[in-house]
Amino acid sequence: MNNMIAALTGGLFDEGGVSAYARPVLFGTAGDAVRDALPAAVDACFFVRDEREPAIAGAESAALLGENRFAALKALPESRHVLVIAAPFALAEDDALEHLAQTHMNTGYGVSVLVTEQQGFDEEGQPIPADDACLAAVFTYDMLQKALDGGADTLDGLVDAAVKAGAQKGVAVTNEIVEICDGATAYIAQMAMIQRVNFTLIDKGVQIFDPAGTYIAPDAEIEAGAVILPGCHIRPGCKVGAKAVIGPNSILEKASIGAGTTVNNSQVYESTVGENVTVGPFAYIRPQCVVGDGCRIGDFVELKKSTIGNGTKVSHLTYIGDATVGERVNFGCGTVVVNYDGYHKNQTIIGDDCFIGCNTNLVSPVELGDRVFTAAGTTVTKNVPDGALAVARARQTTLEGWNDKRRAAHEKEKK
C-alpha cells in the first residue's frame, strides 16, 4: 500500500477553453509546477482530468466523472493518505506542501489543509487563514472516502464533510499561494516562482545580478560562487559549477557547465562543457557535444554532436559537426567540417596538436593524425598522416599591370 498519493483535480477552463493546468509557467506548465512541488512522501500522482486537458508528465491520468470534479477521487487506489489539489498554484515557499504533509502525518489528524498567513486564531487555537478558499488538503484515505459520500463538489466542502464525520483538522501555514486560472494569474505565479528560485540560489552563494530578469528552472543545480548575469534562461536539467559566469543573455538547456567557465551571449543545449572554458560571444553548442577543459569556443562558432579535447581553441567563424577533435588543436577562422553529403552525416577525426589553417574545409569522412598542419584555404578530402602539411589549393598567378590597364580602359569610357 502506498504511504501517500496525490490527486490533481482538473476540469478547470477559462473563457477561451484553455485548461488551467496547461497554462505555461516558467519552463513548463502549471501542472508541471504543482507536480514538482509535491512532497517526498507522495508515492504516486494522479491527474483527474477532462478529455480536453493534456496529460501531465509523471502523473497517471484518471477520467473526471460528471460535473462534480471530485467524484472520481472515490476510485483512487487505496493508500494511507491522499493529498488533494483543487487547482494549480505556485508557492512562495518551496517546502509548503512538504510542511503540509509532515503536519498531517505527525499529528495523525483526519484532514489537514494548507492556508496562507493567518488572521489570528480560532477558539481551538487553530490559525484562521487569510483566504477562505482551500487549494490543497491531505486526508486519511478512509476519511476522504467518508467525505466523498456526502457529494461535496469543492475541496472546502470535502474538508467540512470530513470534520463533520469526526476528523480532527490540522492547519499548515505558508506565506503565499497563487492560484493559476488564466494568463494573468499564470504570469503572477511565474514571477513568484522566479523570485523563490532565484533568492534561494542567492542565499546559497550564487550571485544573480538581476533576479527579476533571470529565468532559472527549479531543478537547476548551480554551485556557490557562480555568477548569473542579466537576461539568462537556465532551463531544466542544467548544472553550473562554482565560479562559472553565465551571460549576459545566454540560454542553457540540459547543459552541464564546469567550474570557472564563461558562457557569454551564447546557447548550449544537451551538452557538457568542461572547466575554465570560454564560450562566446554568439556561440551555439548543439546537442551531444562534449567540450574539454581549458578550451576556447569563440564568436560565431557552432558545434554539433562533437567532442573537443582539452586545450583546443576554436576562436571564430567555424562549424564543427560529427567530429572528434584531440587536445591542443588550433582552428583558424572560417574552418568548416563538411559533415553532410546530402544523404549521410559522416565522421571527422582530428588528432592532438594540430593546426587547422583559416578557411580550411575538412570533407568527411576524413582523418587527420597528430601534429597535422593544414595550409590556409585548403580543402582536405584524404586522410593526413602524423606531422604532415596538407595543402590543397590552386597556385597563385600574378599578372603584373593587369588591373592598371583595366582601370585605364574604364576611365576612357567615362569620358
Side-chain angles (χ1 to χ4, degrees), residues 4 6-14 18-42 45 47-48 56 59 69-70 73 81-105 107 109 111-122 126-139 152-160 162 169-200 217-218:
M4 181 180 292
L8 283 54
T9 312
L12 299 171
F13 300 89
D14 65 11
V18 178
S19 165
Y21 282 93
R23 281 282 175 187
V25 178
L26 203 50
F27 298 115
T29 65
D32 296 332
V34 175
R35 178 206 60 212
D36 293 341
L38 293 177
V42 170
C45 178
F47 180 31
V48 183
I56 296 174
R69 297 193 304 117
F70 297 90
L73 300 183
H81 310 283
V82 182
L83 169 60
V84 179
I85 306 294
F89 53 79
L91 299 166
E93 296 178 298
D94 59 0
D95 62 348
L97 289 177
E98 189 73 43
H99 177 47
L100 171 64
Q102 291 301 321
T103 296
H104 178 78
M105 292 187 292
T107 59
Y109 290 155
V111 60
S112 301
V113 298
L114 182 67
V115 302
T116 52
E117 292 181 345
Q118 68 266 25
Q119 298 175 337
F121 297 85
D122 62 20
Q126 292 282 15
I128 300 173
D131 186 352
D132 291 334
C134 179
L135 296 178
V138 183
F139 301 78
D153 59 0
T154 66
L155 186 52
D156 295 281
L158 286 175
V159 172
D160 291 342
K169 178 181 172 182
V171 177
V173 180
T174 188
N175 287 336
E176 182 183 16
I177 305 173
V178 182
E179 181 179 357
I180 300 168
C181 53
D182 54 23
T185 52
Y187 173 77
I188 295 170
Q190 175 172 281
M191 296 307 296
M193 290 178 63
I194 289 170
Q195 295 298 305
R196 187 190 79 208
V197 170
N198 290 353
F199 280 99
T200 297

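Quantities reported herein were computed from a predicted structural model and do not represent experimental measurements.
A heavy-atom distance below 4.5 Å is not found between the side chains of E93 and H99. Looking only at side-chain heavy atoms (C-beta outward), T9 and L155 stay at 4.5 Å or farther from each other. Side-chain contact between D94 and P218 is absent, with no heavy atoms from C-beta onward closer than 4.5 Å.
Atom OG1 in T174 sits 6.0 Å away from atom CG in L91 (nearest 0.5 Å). Here M193 contributes atom CE and I188 contributes atom CD1; the two are 14.5 Å apart, rounded to the nearest 0.5 Å. Taken from CG in L8 to SG in C45, the straight-line distance is 4.5 Å, to the nearest 0.5 Å. Here the CG atom belonging to L135 is positioned 6.5 Å from the CZ atom belonging to F89, to the nearest 0.5 angstrom. Atom-to-atom distance recorded for I180:CD1 and Y21:OH is 9.5 Å, nearest 0.5 angstrom. Atoms CG and OG, on D14 and S19 in that order, are 9.0 Å from each other to the nearest 0.5 Å.
Heavy-atom minimum distance, T29 versus A22: CG2-O, 3.9 Å. Looking at every heavy atom in both residues, A41 comes nearest to M4 through O-CB, 3.6 Å. Shortest non-hydrogen contact noted between G11 and R69 is O-CD, 3.9 Å. Taking all atoms of both residues into account, the shortest heavy-atom contact from V34 to P88 is CG2-CA, 3.6 Å. Residues T154 and F70 come closest through the heavy atom pair CA-CE1, 3.6 Å. Here the shortest heavy-atom pairing between A20 and C181 reads CB-CA, 4.3 Å.
Within 6.0 Å of OH in Y187 there are 12 or fewer heavy atoms belonging to other residues, nucleotides or ligands.
Every residue was checked against the side-chain hydrogen bond (donor to acceptor under 3.5 Å, both in side chains) condition with R196, not counting sequence neighbours, and none meets it.
A perpendicular orientation is assigned to the rings of H104 and H81, their planes being inclined by more than 60° (bins at 30° and 60°).
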Practice prompt. Verify side-chain contact (heavy atoms from CB on, under 4.5 Å) between L97 and V42, making sure each step is shown before the conclusion.
Written response: CA-CA 10 Å; L97 289 177; V42 170; over 6 Å; no

Worksheet item: Can you list the steps and then say if V159 with F139 is a side-chain contact (heavy atoms from CB on, under 4.5 Å)?
Response: CA-CA 8 Å; V159 172; F139 301 78; 4.0 Å; yes

Worksheet item: Stepwise, does the side-chain contact (heavy atoms from CB on, under 4.5 Å) test hold for D32 with R35?
Response: CA-CA 5 Å; D32 296 332; R35 178 206 60 212; 3.0 Å; yes

Item to complete: Verify side-chain contact (heavy atoms from CB on, under 4.5 Å) between T185 and R23, making sure each step is shown before the conclusion.
Response: CA-CA 10 Å; T185 52; R23 281 282 175 187; over 6 Å; no

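Checking each of L73, V111, V48 against V84 for a side-chain contact (heavy atoms from CB on, under 4.5 Å) leaves exactly one that passes, namely L73.
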